[in-house]
2 protein chains.
Amino acid sequence: MQAVESKTRRQKVEEKERTILAATRQVFRDGDKEGGKDVKIAAIAREANLAEGTVYLYFKNKQALLMAAVSDFYDELTRDAQAAVAVQCDTGTKLAKLAQLHFERVLDEWPLITEAMSPYLPSPQYRETEAFALNRRYVEVFDLVVRDGIKRGDIRNDLSIPAIRNAFYGGLEHCARSARLRLMRLDAIAEVDDFLTIFTVGIMDRPPACAGEGALDGAALVQQLERVIEGVKQQMDRDAT
Amino acid sequence: MQAVESKTRRQKVEEKERTILAATRQVFRDGDKEGGKDVKIAAIAREANLAEGTVYLYFKNKQALLMAAVSDFYDELTRDAQAAVAVQCDTGTKLAKLAQLHFERVLDEWPLITEAMSPYLPSPQYRETEAFALNRRYVEVFDLVVRDGIKRGDIRNDLSIPAIRNAFYGGLEHCARSARLRLMRLDAIAEVDDFLTIFTVGIMDRPPACAGEGALDGAALVQQLERVIEGVKQQMDRDAT
DNA sequence: CCCAAAAATGAGCTTGATTCATTTATAATG
DNA sequence: CATTATAAATGAATCAAGCTCATTTTTGGG
C-alpha cells in the first residue's frame with residue numbers, strides 16, 4: 001500500500017498547488033482590470049478558499065508562488081509555441097506566428113509577469129532561478145526556427161543568435177508595453193506588424209542582387225567613408241574631454 | 001528681503017533634494033555590486049547622513065523619491081542625447097550614437113530604473129507620471145532623428161514612428177538585460193552591434209543591393225570598415241585603462 | 001543673548017508578509 | 001464504532017519596512 005498511498009498523497013498535493021496557482025493567476029487578471037494595484041497573499045488565499053497560512057504550506061513565500069505561477073504560464077506558452085512552429089511553413093511565417101503568440105499571451109498576463117520578474121530584473125542571480133530555465137526552454141523554440149532559417153538561407157548568417165533573439169523579444173515586449181499604455185488593441189496589432197517588418201527585413205539574407213541602383217559607386221563610397229571617419233574622430237574628441 | 005530670503009530658502013531646499021537624490025542613486029549603484037537586494041529608505045537616509053523621517057520632508061514617499069531619481073537620470077540622458085545628435089552626421093551614425101549612449105547609461109543605473117518603474121509597468125496610469133513626461137522628452141530626440149532620416153530618404157516611410165521606436169528601445173533594453181546576465185561587457189557590445197545591424201537594415205530605405213555573389217558591396221565594405229575601426233577603438237580604450 | 005520659525009529627529013503606527021501553536025479532518029487499527 | 005496517529009488547515013502573533021508626527025535642535029533676525 002505504501003506506493004499507492006504515496007501516489008495519492010502526491011496527487012492531492014499537486015492538485016492543491018494547481019488550485020493555488022490558478023487562483024493566483026486569476027487574481028492578477030482581475031486586479032488588472034482595476035488599477036494595477038499590487039496583489040496581496042490575502043487576496044489569493046480568499047480566491048482559493050483557503051486561510052492565508054495555508055498558502056505557505058504549499059509555497060515557500062510570495063516570490064516563490066509568483067514564480068511558480070509564471071512557470072505555469074511559460075509551460076503553456078512553450079507548448080503552444082512548439083505547436084505553432086510544428087506545421088510546415090516558411091521562416092517568415094513561423095516567426096510571425098511566434099510573435100503573435102508571444103505578444104498576445106504576454107499582454108494577458110503582463111501584471112503577473114512583471115511583478116514576479118521585477119525582483120530579478122536588476123539581478124544577475126536570475127540565472128539561478130527556475131524561471132530562467134523555463135524561459136530558456138521557451139526561447140529555444142525561437143532559436144530553432146532561426147537556426148533553421150539560417151541553414152535554409154532565409155536568414156543572414158553573420159548575426160549572433162542572441163542578438164537576433166534580443167531584437168525579437170525586446171521589440172515585442174516594447175510593443176506590449178506600448179499597447180498597455182494606449183489600451184488600443186488595434187493600434188497595437190499594427191505596431192506589431194510594423195515591428196515584424198523591420199525585424200524581418202533586418203535579419204533576412206539579402207534579396208537577389210539587382211545591378212543598377214546599388215552597384216558600386218566609387219565617389220559615393222569615398223563620401224561615405226569620409227563620413228564614417230568623421231564620426232569616429234568626433235567620437236574620439238568627445239571621449240578626450 | 002522677502003524675495004532674496006525666499007530664493008535662498010529654495011536653494012537650500014533644492015540642495016538638500018539633490019543630496020538625497022545623489023544618495024539614492026549611489027545606494028542603488030552600490031547595492032548593485034552585491035546581490036540585487038532591494039534598497040531600504042533607511043539605507044538612503046544613512047548614505048545622506050539624515051534621519052529616516054527627514055527624507056519624507058523632501059519626498060512624499062519612496063515611490064516619489066525613486067521617480068525623482070529616475071527623472072534626474074533622464075534629464076542627464078536627454079541632455080547628452082541631444083548633444084550627441086547635434087553634430088552633423090548621417091542618420092545611421094546618429095542612431096548608433098543614441099544606441100551606444102542609451103545602452104551604457106541604462107546599464108549603469110539598471111537597478112534604480114527597474115525598481116522605480118516596476119510599479120508602473122503593469123499599469124496604464126503610468127501615462128500620468130512625471131517619468132512618462134520625461135521619457136517622452138527623451139525619446140523625442142530619437143523621433144527627430146528618425147523623422148529627419150525619413151525626410152532625407154534614409155529611412156523607409158511606410159513604418160509608424162512608434163513601431164520604429166519600440167524596435168529600437170526594446171531591442172536595446174533586451175541587450176542590456178542580457179548584458180547583465182552575462183556580466184561580460186564585451187560580448188554585450190558585440191550584441192548591440194548586431195542588434196543595430198538588424199535594426200538599421202530593417203528600417204533603411206532600399207537596403208543596398210549587391211550585384212552577384214562576389215561583387216564588391218559598398219555598404220558591406222563600409223560596415224566592415226566600421227567594425228575594424230570599432231575594434232581599434234576598443235583596443236585603444238583597453239590600452240588606456 | 002533671546003526667541004520664533006525652520007529643520008531634523010526617531011519612537012511609534014500601519015500594513016502586509018511570514019511563522020507556528022493549536023484545532024480540525026482523515027483514515028488506519030483493534 | 002471508538003481510538004488515535006498523522007496530515008492538513010487555521011488564524012493569532014511576530015516581524016519588517018514604509019511612513020507619521022510630537023518633540024528636540026538649529027538657524028537667523030532683532
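The sequence lines fix the lettering, A, B, ..., with proteins before strands; numbering per chain opens at 1.
In this structure, Ile41(B) atom CD1 and dA16(D) atom P are separated by 18 Å, rounded to whole Å. When the P atom of dA17(C) is taken as reference, atom CG of Asp38(A) falls 8 Å away, rounded to whole Å. For Asn61(B) and dC19(D), the CG to P distance is 5 Å, given to the nearest whole Å. Atom NZ in Lys40(B) sits about 13 Å away from atom C1' in dC15(D), given to the nearest Å. Counting to the nearest Å, the P atom of dC19(D) and the NZ atom of Lys60(B) are 8 Å from each other. Atom P of nucleotide dT20(D) and atom NZ of Lys62(B) are separated by 14 Å, given to the nearest angstrom. In this structure, the CD atom of Glu15(B) is 15 Å from the C1' atom of dT27(D), given to the nearest Å.
Salt-bridge check for Asp194(A) with Arg165(B): failed, with every basic side-chain N at 4.0 Å or more from each acidic carboxylate O. Ion pair Arg10(B)/Glu17(B) not flagged as a salt bridge, since none of the NZ, NE, NH1 or NH2 atoms sits closer than 4.0 Å to an Asp/Glu carboxylate oxygen.
Between Tyr56(B) and dT20(D), a side-chain N or O to OP1/OP2 separation shorter than 4.0 Å is absent.
At a threshold of 4.5 Å between non-hydrogen side-chain atoms, the residues Leu66(A) and Phe59(A) do not count as touching.
Thr78(B) places a side-chain N or O within 3.5 Å of a backbone atom of Tyr74(B) that can act as its donor or acceptor partner.
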Revision key, fill the gap. Once base and sugar-phosphate atoms are separated, protein heavy atoms under 4.0 Å mark nucleotides 7-12 of chain C, 5' to 3', with B, S and - as -BBB--

Under 3.5 Å, sequence neighbours excluded: what are the donor-acceptor pairs made by side chains of residues 39-49 of chain B?
none

Would you give me the side-chain donor-acceptor pairs under 3.5 Å for residues 168-176 of chain B, sequence neighbours excluded?
| residue | atom | partner | partner atom | Å |
| --- | --- | --- | --- | --- |
| Glu173(B) | OE1 | His174(A) | NE2 | 3.2 |
| Glu173(B) | OE1 | Arg177(A) | NH2 | 3.1 |
| His174(B) | NE2 | Glu173(A) | OE1 | 3.2 |

